[in-house]
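Input: a single structure, listed below in C-alpha cells.
Note that the structure is a prediction, hence the values are computed from the model and not measured. When a ligand or atom number is given, it counts from 1 through the structure's own listing order.
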Amino acid sequence: MEMKKSSKISMLLSSVMLLGLYGCNNSGEETSSNDSAESSEGVQGTGSGYHGDIVAEVTFSGDQIEAIEIIEENENESLAEPVFTEMRDAMVEQNSTDVDSISGATGSSEGLKEAVDDAIEQAGVTLSAGESADSSSELEDEYNFDVVVVGGGGAGFSAAIEAAESGLDVVLIEKMPVMGGNTLISGGEMNVPNNWVQENLGIEGDSIEIFIEDTLEGGDHLGDPEMVEVLAENALDAAEWMRDDINVEFYEDQLFQFGGHSFQRALIPEGHTGLEVITKFEQKAEELGVEMFTETEAKKLIEEDDRIVGVEAENNGKTVTFNAENGVILTTGGFGANVDMRMEANENYDDRYLTTNSPGATGDGITMAREVGAAVTNMENIQTYPVSNPVTGAISLFADTRFDGAALINQEGERFVEELERRDVISNAILEQPGEYAYQIWDKALSDSTRTMEMHEAEFKKLKEDDLVIEAETLEEAAEFFDIPLDTFLETVEKINEYAENGEDPDFNHRAGLAPIKEGPFYVQKAVPSVHHTMGGLLTDVDTHVLNEDGEIIEGLYAAGELTGSTHGSNRLGGNAITDIIVFGRIAGQQVAK
Ligand code: ADP
C-alpha cells in the first residue's frame, strides 16, 4: 500500500498544529525548507497576502535558491498551510517562483510568490533555469479497499474512523489540497442537549424533546421527524465520542445559543473554529491506518449488478480506480459554492450572492449519486448566513458577539429585526434594508466577555483593512465612519442600553437580552447575507442508505453530512450541522461494516 501521501499529510498536520499553537509569526525549523542549509545571509522580500503582508527570507547559493524561510504571515492557518510548506518547497526544488498555486489559497500563494520575487530582485540574482515541475500523479491505477469515503470534512472523517474502528480497510479521498471542507472553516459549534457544559454552568431544563422541537420548528416542519429524532438521540453520545475518543477539547465554561434554540446548548471546540475538530480527526484517522489522499477528486460511481462497487477518481490528471468491497460513503458536502447548481435548485440564489463555503462545496456527491438513480429532496431550500463579509462572502466569526447580545442596525441607524431570529428571517430582513446590508454594533465589554477579538483577530485586521469594521473610541466617530445619522444612532444606542438594563426589548423581543453599549472602544461592522448551507440533497434513510426514486436502497451506497436532504427542512439551525455530520457520519461508518 502506498504510504507516501499519508505521511505527507501527517507532516502537514503537525505544522498546522504548530501554527495553531505558536501563532502566525513563524520562523526557525518548522518553516525552514532546508535545515542543513549553511546560514549564508538571507534577503527579505515582502508580498501582499490575503490577510496582510507576507515576508520571506531567501538565501541563495550562486544562482540557486537555497532556502526560503517565512518570517511573517497572517494567513488562514490551515487553508494557507500548504503555501508555506508544499509550495515553498516547490520553489526551492524547481529554483523558480513559477510554480503551481495552491487551490483554495490563491491570495496567499500570490503573496508568497511576490515576496520571494521581491527578495530575488533585491539580491540582484538571476536564477538558473529551474527543473520543470513534476506534476504527474504518484498514485497507482487501481486500489482495493473495503470502504471508500469520498470527501474529507467532518462527516467523512466520522465515517472513515468508525469503519476503521470496526477493522475495515478504509480510504478517504479529498479533492482539495487540504482536508476539512466547510467543517474546517466553520465555528465548529455542536448542539447537544443535556451536555456536560450545561451541567457545569447550571443550565437546567433542556431535553432531547425540546431539541427535536426546536429543530423541526426551525425547519418549518419540513424536516423528516425520524431523522431529527436520530440526530437528537445520538447527539450526546457523539459529543462524548468526540471528546473521549477523538480528543477534541471543548471549552468547559462556555456555550453558544444560536438563533431558534431554546437553550444554550452548543459546545465550542478550542480556538472556536473547526480547526480543532479536523486536526484531531486527522490524527485519529492516521492512528487507525485510514489511507488518505488529497487532490483526488471523485468523478463517478462504479456500478455492477445494481450495486455500487467503487469510485473513479482523478489525481493530477490521472484516472484512479478505488474498488470498495463493502461500500462507498459519500460525504462531499453541499453545493453552496456551485452557482449553476444553486440556480437550478432555486433561481433566487444567483451570483448576486457570495458564499461562506469552501470552494470544494460544489455538490459533486449529489451529482454522482443522481447519475446512478438516487433521489433528491428539499433542493430549493438554501440558507444564507446573515452576517458575512460583503467583499469575500466569508462568514464573520468576529461578529459572534451577536449571540451574546450585539445589536443589528441599518444605514439609518435603526434596529429592524430580533438579532437571535433564525438565519433566514434575519437575512431576509437585511435584504429589505436600504442598500441590502446591515451593521452590527457592540462595545469593549462584550468583545472581552465573548473573547471574539482574542480568537478572531486576524479576521478583524482584514475587515479593518477593507473598511468593513470600525474600532472607535467614541460613538460619534463610529457613526461618522459609516455615514450613519448621528441622532438616530445615539437614540438607538440609548434604547438598547435601556432594554439591556430592564431585560426587556419591547421593539423586537430579543429572547436572551441585548448587551449594553457603554464602554469604548465601540465596534461597528458592515455585513451582508451570504450563501451558507444547502439544506437539500440526497434522500437517505436513518441508516444512511441512499434511496432511489422508488424509495428503495441503492446497494453499496451511503451518504452523510450536508449532501443529504431530509433532516433540516427549510432551514438548518446554527450549530446543528456539526451534530448532523458527526451523528450520521458515524452511522454510515457503522452501517458499512455490517
Ligand atoms: P460535511 O460538513 O458534510 O462533512 P464538508 O464541506 O465539511 O461537508 O466536507 C466535504 C468535503 O468533500 C470537502 O472537503 C470537499 O472538498 C470534499 N469534496 C467535494 N467534492 C469532492 C469530490 N468529488 N471528491 C473528493 N472530495 C470532494
Is a donor on one side and an acceptor on the other found under 3.5 Å between the side chain of Asn326 and the backbone of Val592?
yes
Taken in chain and number order and not counting sequence neighbours, the residues that satisfy ring-ring contact (aromatic ring centres under 6.0 Å, His included) with Phe281 are Phe157
Name all residues meeting the ring-ring contact (aromatic ring centres under 6.0 Å, His included) criterion together with Tyr385; count only those two or more places apart in sequence or in a different chain, and write none if there are none.
His532
Can you list, by chain and residue number, every protein residue with a non-hydrogen atom closer than 4.0 Å to ligand 1?
Val150, Gly151, Gly152, Gly153, Gly154, Ala155, Ile173, Glu174, Lys175, Met176, Gly180, Gly181, Asn182, Thr183, Thr296, Glu297, Ala298, Thr331, Thr332, Gly333, Gly360, Asp364, Gly561, Glu562, Ile581
Salt-bridge criterion met for Lys299 and Glu297 (N-O under 4.0 Å):
yes
So does Ser103 get a backbone contact from the side chain of Ser101, meaning a donor-acceptor N/O pair under 3.5 Å?
no
Which pairs with one or both residues in residues 218-236 pass side-chain hydrogen bond (donor to acceptor under 3.5 Å, both in side chains), sequence neighbours excluded?
Glu217-His221, Asp220-Arg422, Asp220-Ser570
